[in-house]
K.L.:
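The following block contains the structure, expressed as structure tokens.
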Amino acid sequence: MASPYHWSQRPDRPGGAMTVSEPIEKMTEAEAAQELERLAGLLAQANLAYHTQDAPEISDAEYDALKQRNAEIEAQFPHLKRADSPSEQVGARPGEGFSKVSHAVRMMSLGNAFDDEDVTDFDRSIRKYLGLDTDAPLAYTAEPKIDGLSLSLRYEQGVLVQAATRGDGEVGENVTANARTIADIPARIEGAPEVLEVRGEVYMSHADFAALNTRQEAEGGKLFANPRNAAAGSLRQLDAAITRARPLRFFAYSWGELSEPLAETQMHAIERLASLGFQTNPLTRRCDDLEAMIAHYRDIEAQRATLGYDIDGVVYKLDDLSLQARLGFRSTTPRWAIAHKFPAELAWTRLEAIDIQVGRTGALSPVARLTPVTVGGVVVSNATLHNEDYIAGRDSRGQEIRDGKDIRVGDWVQVYRAGDVIPKIADVDLSKRPEDAQPFDFPTQCPECGSPAIREEGDAVRRCTGGVICPAQAVEKLKHFVSRAAFDIEGLGAKQVEQFHADGWIREPADIFELRSRYGEGLQQLKNREGWGEKSATNLFQAIDDKRRIPLARLIFALGIRHVGEVGAKDLALHYRDWDAMAAALDTARPAALAHRAADTAEEQERQQAQAEGRRARISDTRAAVISAQEVPPEAAAAWADLIGVDGIGATLGLSLSDAFANTDERAAFDRLTAHLTVIPPDAPARDSPVAGKTVVFTGSLEKMTRAEAKARAEALGAKVAGSVSKKTDLLVAGPGAGSKLKTAQSLGIETLDEDGWLTLIEGL
DNA sequence: CAGCCTCGAGTTCC
DNA sequence: CTCGAGGCTG
């Protein structure tokens with residue numbers, strides 16, 4: 001299984017299959033057939049229970065696990081697949097859509113270059129990373145970036161076994177049945193590696209798009225805004241027969257897991273894919289230098305209108321695959337590839353009004369209301385205006401944007417879609433500005449609650465200070481609480497939350513868990529409300545009950561504490577492992593947190609004073625004096641150090657957390673909430689790994705894995721990953737370029753390994 | 001202390 | 001998707 005090639009050796013996702021489960025290899029044929037029969041029965045029963053609106057007999061997770069197991073056995077014994085196979089019954093559960101597929105190798109996105117200089121920077125940083133001179137030869141491939149949707153096709157023994165959309169890169173949707181209907185996607189290939197994941201783009205040609213819309217119009221169906229939407233809509237049909245009738249095409253340009261390498265260079269790998277029977281883009285070229293890349297970009301740009309399909313730029317990739325492997329990946333993008341985007345399409349329209357929205361942190365965000373206009377195939381009527389500086393014509397550093405032109409209601413403005421998605425304002429036509437147009441007066445009071453809206457020194461945003469008083473903040477916080485990554489309560493989305501809040505039924509998260517006892521009596525009250533019937537009420541109460549057991553990380557994230565996002569919440573959960581332990585630690589640390597803030601304030605004063613007096617600021621002395629004056633108990637200092645010692649958690653986040661838990665109103669709300677919940681601790685780490693319970697620090701650059709991967713892997717093995725070396729550190733993993741941490745570790749006599757040593761240590765786990 | 005990288009927060013339209 | 005800002009490295 002262990003393949004020597006980088007693209008199948010991402011350490012955090014061991015194993016080859018796209019789905020995770022027990023191996024089924026030892027099963028005999030008879031056992032497999034029996035198991036398939038059992039699974040078909042169970043799943044059919046579960047579907048029936050679901051459809052007849054009885055309480056579902058099994059949870060979604062259990063249902064998914066059964067389906068997964070069924071699919072795996074079928075993959076192992078394809079000839080045993082039943083006529084009534086559950087895997088063929090797409091979308092058996094309504095609203096569920098496609099089943100989920102984890103990618104064996106993450107599907108990355110690409111970094112962007114918007115001008116020639118960005119491309120030069122890209123080349124320079126690669127050379128720097130590889131230690132190459134500016135004039136050393138370095139070849140790249142350049143190809144059009146197709147504007148469609150990416151798809152990963154898994155072939156085993158030359159047979160197409162699975163097709164998955166990109167999703168979030170980790171987990172996509174299983175669209176195998178639909179992919180099989182696309183003519184450009186071969187069902188079988190000859191002479192391929194045993195395992196081959198081909199990646200590429202599904203798209204629709206201009207001609208096919210026009211014909212499809214004509215047909216849709218004739219049949220009274222809905223029209224698609226552009227070829228990409230048409231392609232996406234067609235691929236994501238639950239009924240594969242509809243997909244079959246849609247003229248989709250596919251270009252292959254990359255690969256995921258491989259049992260053996262395709263070639264030694266990108267260009268040869270693409271040629272190999274072509275020889276296996278895939279369509280590859282005819283404008284793919286190997287370029288020997290930057291000039292050739294840019295020239296090919298211009299050439300493709302010139303042909304753009306006559307290609308017959310949409311493209312939105314040119315992708316450059318380092319040609320040498322062994323160099324690609326050396327460069328590796330950042331968190332979401334490879335270091336060895338970049339997309340050189342074409343200039344965005346622009347459109348002029350009139351700015352009718354500027355509205356102010358209030359977010360969950362109290363941020364006042366201005367939104368432009370526009371006379372609707374078509375930009376890049378989509379009608380746009382709103383655009384973000386970011387913050388008050390942006391409207392005034394400045395960026396965060398006070399630099400002019402739009403030549404310093406401000407934006408006024410009544411102006412003619414030029415709109416584009418940043419990254420082809422978010423509408424923004426590029427320019428203002430001063431010659432068409434109405435004479436009575438006034439500069440926008442940014443509110444200094446919250447438009448929702450009237451509290452003062454304050455802009456902190458050095459901050460770009462103005463925030464409502466109303467806190468719990470502000471209804472807008474309360475609603476946004478509640479929406480965050482029920483959002484996907486937080487409590488994810490089915491049937492309780494943004495709309496419902498707004499309605500419940502307006503009615504005064506839900507004011508804070510705990511109220512959600514008291515809905516049934518307070519308003520569910522006989523369901524009468526709920527039934528009387530618009531859009532609510534008995535069934536939806538029962539379902540809602542069930543969905544709420546399902547979430548009374550909640551993982552600690554989700555709970556922490558759901559609280560909506562400023563600076564604590566999904567990742568931070570996970571880090572905190574792994575560190576404290578228990579809600580009460582975390583709350584107690586924060587209480588203990590409080591005096592140290594306050595001392596830290598006092599020291600920050602003193603530091604700022606000292607800076608200003610020093611500047612006024614023309615001397616150097618004595619930062620560390622000032623801080624030390626303040627902290628000792630605060631007489632912080634040693635256990636508080638220890639608890640604070642423990643908190644901000646967690647990798648990824650610093651003083652800002654620590655203070656924000658500390659404030660939330662020390663605020664009596666917020667704390668009372670937390671306590672009311674947790675009284676309704678059973679908090680699930682993070683998964684217990686593997687017991688018998690050599691690093692279980694050890695504190696590990698990574699330093700220097702890691703070449704075979706990203707930091708995030710290294711961290712995730714270490715944590716999965718039961719290690720604690722810290723950000724800095726202390727006497728609590730058990731092991732330091734030092735890559736090339738390690739500096740002060742390595743020295744500290746050596747002086748403390750801490751065991752030190754290089755990256756290979758670390759990989760050897762955890763090998764096979 | 002500067003420069004990178006990652007994360008958080010806010011945003012639009014389908 | 002983008003911007004700003006927090007956190008880490010060197």
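To find a chain, count down the sequence lines: A is the first, B the second, and so on, and within it residues start at 1.
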K.L.:
Applying a 4.0 Å non-hydrogen cut-off, can you work out what Val367(A) is touching in the nucleic acid: base, sugar-phosphate, or nothing?
P.N.:
sugar-phosphate

K.L.:
Verify the contact: side-chain N or O of Thr652(A) to OP1 or OP2 of dA5(C), cut-off strictly under 4.0 Å; return yes or no.
P.N.:
no

K.L.:
For dT11(B), does either OP1 or OP2 sit under 4.0 Å from a side-chain N or O belonging to Ser365(A)?
P.N.:
yes

K.L.:
Tell me the interatomic distance from Lys570(A), atom NZ, to dT6(B), atom P, rounded to whole angstroms.
P.N.:
16 Å

K.L.:
Is it the case that over 12 heavy atoms from other parts of the model lie below 6.0 angstrom from the CD atom of Glu456(A)?
P.N.:
no

K.L.:
Which label fits Phe487(A) and Phe481(A): parallel for a plane angle under 30°, tilted from 30 to 60°, or perpendicular past 60°?
P.N.:
parallel

K.L.:
What is the distance, to the nearest angstrom, from the OH atom on Tyr390(A) to the C1' atom on dC1(C)?
P.N.:
13 Å

K.L.:
Distance check needed: dT11(B) C1' versus Arg369(A) CZ, whole Å only.
P.N.:
11 Å

K.L.:
If every non-hydrogen atom of Leu248(A) is compared with every non-hydrogen atom of Leu235(A), which pair is closest and at what distance?
P.N.:
CD1-N, 4.1 Å

K.L.:
For a quick test of reading the model: is some side-chain N or O of Gln357(A) closer than 4.0 Å to OP1 or OP2 of dG10(B)?
P.N.:
no

K.L.:
At less than 4.0 Å, is any side-chain N or O atom of Thr361(A) found next to OP1 or OP2 of dG10(B)? Yes or no.
P.N.:
yes

K.L.:
Under 4.0 Å: is that the gap between some side-chain N or O of Lys424(A) and OP1 or OP2 of dC3(C)?
P.N.:
yes

K.L.:
Taking C-beta and beyond as the side chain, do Arg554(A) and Asp488(A) meet within less than 4.5 Å on heavy atoms?
P.N.:
yes

K.L.:
Could you give the CD-to-C1' distance, from Glu456(A) to dA5(C), as a whole number of Å?
P.N.:
14 Å

K.L.:
Applying a 4.0 Å non-hydrogen cut-off, can you work out what Gly568(A) is touching in the nucleic acid: base, sugar-phosphate, or nothing?
P.N.:
sugar-phosphate

K.L.:
How is Arg562(A) classified with respect to the nucleic acid when contacts are heavy atoms under 4.0 Å: base, sugar-phosphate, or nothing?
P.N.:
sugar-phosphate

K.L.:
Can you tell me the distance, in whole Å, between the CZ atom of Arg236(A) and the P atom of dC14(B)?
P.N.:
16 Å

K.L.:
In whole Å, I'd like the distance from the NE2 atom of His386(A) to the C1' atom of dT2(C).
P.N.:
6 Å

K.L.:
Expressed as a whole number of angstroms, how long is the span from Asn387(A):CG to dG8(B):P?
P.N.:
21 Å

K.L.:
Could you tell me how far apart Asp147(A) (CG) and dC1(C) (P) are, to the nearest whole angstrom?
P.N.:
11 Å

